[in-house]
Amino acid sequence: MPNPASLAAQIRDLDPIQLPVVPALQDLRQNLRQHALDLGLPTRRLEAWHYTDLARLLDRPLAEATALDVEAPALDMPQINFINGAMQAEHASGLELKSIFDAPALLGDTADHDAREAMLAFNLALLTEGVRLSVPAGTEQTLCVMYAGGEAQHLRHAIHVEAGAKLTLFEIFNGAGYGNIVSDVTVDAGGVVNHIKLHSSGTAIALTRASLGASARYVARHIIVGGQVARHESRINLDGAMAHADLSAAMLARAGAHQDVTSVIAHNVADTSSETQIRSLVDEAARAVFQGKVVVARDAQRVDAQQQSRALLLAENAEMNVKPELEIYADDVACAHGSTVGALDKDALFFLRSRGIPEAEARQMLVRGFLADVTEAVLAGQASDFIAAHLDANLQLILNPRKGGE
């Protein structure tokens with residue numbers, strides 16, 4: 001029997017009376033919850049969840065999900081906080097924000113699709129809150145969304161970036177509890193979204209579904225440095241010519257952690273491009289997962305799609321699972337993927353130590369260089385000090401000191 005204090009039990013046994021009353025959605029939510037219970041949490045029998053068996057991973061005592069104490073500077077930008085599922089938006093003035101429950105028809109329209117997958121069905125059935133954000137054409141906005149607290153949060157966001165607009169969106173996972181978070185992002189022609197995620201603690205199953213119009217750009221940077229279980233999935237549809245998706249992720253899986261970056265990038269029309277870069281640093285008894293799929297539709301010619309995953313294993317019992325996929329139905333394309341898994345380069349480490357650099361510092365230099373392709377762009381932008389504080393704290397914990405006289 002599941003541990004009654006486990007995350008899995010908390011999801012299954014959440015009392016519907018605790019949920020916001022939305023008359024237009026009550027029957028739908030009840031039906032979806034029963035449907036999700038019938039489906040059950042995803043297991044390795046589902047190909048998309050083969051390396052992230054939630055039925056097993058979430059069946060653990062909540063006490064295991066502990067946060068690393070990090071002193072980080074305050075963020076100077078509009079901010080929304082979700083504390084145990086409740087929204088606090090007093091620091092987000094000037095933005096066109098509404099509650100997701102202000103448009104129940106929007107949620108109802110997605111119900112048939114959501115019912116196909118247990119986590120999506122659970123999200124809508126147990127939804128506690130979420131935001132609708134519209135960025136007017138030709139404007140530029142920045143928003144930080146932070147998740148905190150120790151209780152379960154089921155949240156859904158709908159974001160619309162109009163033609164020629166730009167949004168920089170920070171999502172920070174900084175609580176000790178569980179979150180099932182779904183974000184739907186629509187980017188009209190010429191729009192740009194810079195989406196930066198920092199997962200520093202807690203357990204989260206997060207899905208971003210993005211749709212890009214002509215010449216639109218979606219740039220995602222995921223920094224996953226903590227948490228017991230973290231799965232960040234992106235499903236990106238390039239629906240207009242010259243649309244571009246750029247997805248990068250750095251995973252720092254320390255002892256006992258399970259981190260998963262999954263992506264499906266669909267090139268639905270000709271003359272689109274995408275790039276995916278994953279860097280994974282995996283410590284002892286930890287597991288990292290990258291599943292990346294590129295789909296090129298029939299007649300979607302002149303598509304350029306590149307994927308690369310590189311992983312460093314810092315212990316013999318560290319584990320990295322990689323599954324890149326290309327599904328191509330057009331013939332005039334430039335698509336490729338590559339993957340490497342290995343340990344720190346002993347020759348490079350010896351070279352640095354022979355120049356008088358202490359071993360711990362030499363390891364830091366090599367690891368930071370390994371992660372730089374993903375982290376440099378993030379650390380050169382907004383909130384760089386905040387992100388750097390979390391990144392540095394976790395790197396120190398992983399690398400200093402190494403065990404066993406290494």
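M251 places none of its side-chain heavy atoms less than 4.5 Å from the side chain of V282. Proximity of L391 to L252: side-chain heavy atoms (C-beta onward) are separated by under 4.5 Å at one or more points. Side-chain contact between I328 and C335 is present, with heavy atoms from C-beta onward closer than 4.5 Å. Using a 4.5 Å heavy-atom threshold, the side chains of H390 and N174 count as touching.
Within the model, atoms CG of L75 and CD of Q382 stand 10.0 Å from one another, a figure rounded to the nearest 0.5 Å. The structure places OG of S248 at 7.0 Å from CD1 of I278, a figure rounded to the nearest 0.5 Å. From L155, atom CG reaches atom CD1 of I181 across 5.0 Å, with rounding to the nearest 0.5 Å. Atoms CD1 and CG, on I387 and L198 in that order, are 6.0 Å from each other to the nearest 0.5 Å. Separating the CD1 atom in I265 from the CD1 atom in I236 is a distance of 4.5 Å, to the nearest 0.5 Å. Here NE2 of H258 is found 10.0 Å from CG of L58. Values are rounded to the nearest 0.5 Å.
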* To do: Go through the steps for D304 and Q306 under the test side-chain contact (heavy atoms from CB on, under 4.5 Å), then give the verdict.
  => CA-CA 7 Å; D304 186 347; Q306 307 295 321; 2.8 Å; yes
* Asked: Would Y178 and I205 satisfy side-chain contact (heavy atoms from CB on, under 4.5 Å), going step by step from the backbone distance to the final call?
  -> CA-CA 8 Å; Y178 162 83; I205 308 301; 4.0 Å; yes
* Asked: Yes or no on side-chain contact (heavy atoms from CB on, under 4.5 Å) for F290 and M320, after CA distance, side-chain angles and deciding distance?
  -> CA-CA 8 Å; F290 168 62; M320 179 73 201; 4.1 Å; yes
* Test ring-ring contact (aromatic ring centres under 6.0 Å, His included) applied to F173 and H232, step by step -> CA-CA 11 Å; F173 299 78; H232 291 270; 5.1 Å; yes
* Walk me through it: do F82 and T128 pass the test side-chain contact (heavy atoms from CB on, under 4.5 Å)? => CA-CA 10 Å; F82 287 92; T128 53; over 6 Å; no
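Nearest approach of A36 to A118, heavy atoms of both residues: CB-O, 3.9 Å. When all heavy atoms of N123 and N180 are compared, the pair lying nearest together is ND2-O, 2.9 Å. In this structure, A300 and V333 approach most closely via the heavy-atom pair O-CG1, 4.1 Å. Smallest separation of non-hydrogen atoms from V161 and G191: CG1-CA, 4.4 Å. Scanning both residues, L238 and A245, for their nearest heavy atoms gives CD2-N, 4.0 Å. Looking at every heavy atom in both residues, I100 comes nearest to A158 through CD1-CB, 3.9 Å.
For L120, the side chain to side chain contact (heavy atoms under 4.5 Å, CB included) criterion is met by H113, D114, E117, R156, V182, L207, R209, R235, not counting sequence neighbours. In terms of the salt bridge (charged side-chain N to carboxylate O under 4.0 Å, His left out) criterion, E361 has no residue partners (sequence neighbours excluded). With sequence neighbours left out, the side-chain hydrogen bond (donor to acceptor under 3.5 Å, both in side chains) criterion links R132 to no other residue. For K323, the side chain to side chain contact (heavy atoms under 4.5 Å, CB included) partners are E47, Y51, Q291, E325, not counting sequence neighbours. Taking S99 as the reference, E129 meet the side-chain hydrogen bond (donor to acceptor under 3.5 Å, both in side chains) condition, with sequence neighbours excluded. Taking K166 as the reference, nothing meets the salt bridge (charged side-chain N to carboxylate O under 4.0 Å, His left out) condition, with sequence neighbours excluded. Scanning for side chain to side chain contact (heavy atoms under 4.5 Å, CB included) contacts around D345 gives D347, A348, with sequence neighbours left out. For N194, there are no side-chain hydrogen bond (donor to acceptor under 3.5 Å, both in side chains) partners two or more places apart in sequence or in a different chain. Scored by the side-chain hydrogen bond (donor to acceptor under 3.5 Å, both in side chains) test, T272 finds H267 as partners (sequence neighbours excluded).
In the displayed structure, D76 atom CG is contacted under 6.0 Å by at most 12 heavy atoms of other residues, nucleotides or ligands.
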Determine all donor-acceptor pairs shorter than 3.5 Å in which one atom belongs to a side chain in residues 135-150; sequence neighbours excluded.
| from | atom 1 | to | atom 2 | distance (Å) |
| --- | --- | --- | --- | --- |
| T139 | OG1 | P136 | O | 2.6 |
| Y147 | OH | H157 | NE2 | 3.0 |
| Y147 | OH | E171 | OE2 | 2.5 |

What side-chain donor-acceptor pairs closer than 3.5 Å can you find for residues 37-46, not counting sequence neighbours?
| from | atom 1 | to | atom 2 | distance (Å) |
| --- | --- | --- | --- | --- |
| D38 | OD1 | Q34 | NE2 | 3.0 |
| T43 | OG1 | R45 | N | 3.2 |
| R44 | NH2 | H50 | NE2 | 3.1 |

Which donor-acceptor pairs under 3.5 Å do the side chains of residues 365-378 make with protein atoms, sequence neighbours left out?
| from | atom 1 | to | atom 2 | distance (Å) |
| --- | --- | --- | --- | --- |
| R368 | NE | Q364 | OE1 | 3.3 |
| R368 | NH1 | D392 | OD1 | 3.1 |
| R368 | NH2 | Q364 | OE1 | 3.4 |
| R368 | NH2 | D392 | OD1 | 3.0 |
| D373 | OD2 | R279 | NH2 | 2.9 |
| T375 | OG1 | L371 | O | 3.2 |

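In terms of modelled atom types and a separation under 3.5 Å, the side chain of N317 and the main chain of A285 share a donor-acceptor contact. For R29 (side chain) and L127 (main-chain N/O), a donor-acceptor pair under 3.5 Å exists by modelled atom type. Looking at E359, its side chain never comes within 3.5 Å of a backbone N or O of R353 through a donor-acceptor pair. Formation of a donor-acceptor pair under 3.5 Å by the S201 side chain with backbone atoms of G175 is found in this model. The closest donor-acceptor contact from the side chain of D332 to the backbone of Q301 lies at 3.5 Å or more, if one exists at all. Judged by distance alone, with hydrogens and angles left aside, the side-chain atoms of S354 form a donor-acceptor pair with the main-chain N or O of F351 at under 3.5 Å.
Using modelled atom types and a 3.5 Å distance limit, the side chains of N237 and S211 yield no donor-acceptor pair. One side chain, S273 or H244, offers a donor N or O that lies under 3.5 Å from an acceptor on the other.
When each of V131, L167, V187 is paired with I159, the side chain to side chain contact (heavy atoms under 4.5 Å, CB included) condition holds for L167 and for no other.
Using a cut-off of 4.0 Å between Lys/Arg side-chain N and Asp/Glu carboxylate O, D283 and R254 are scored as not salt-bridged.
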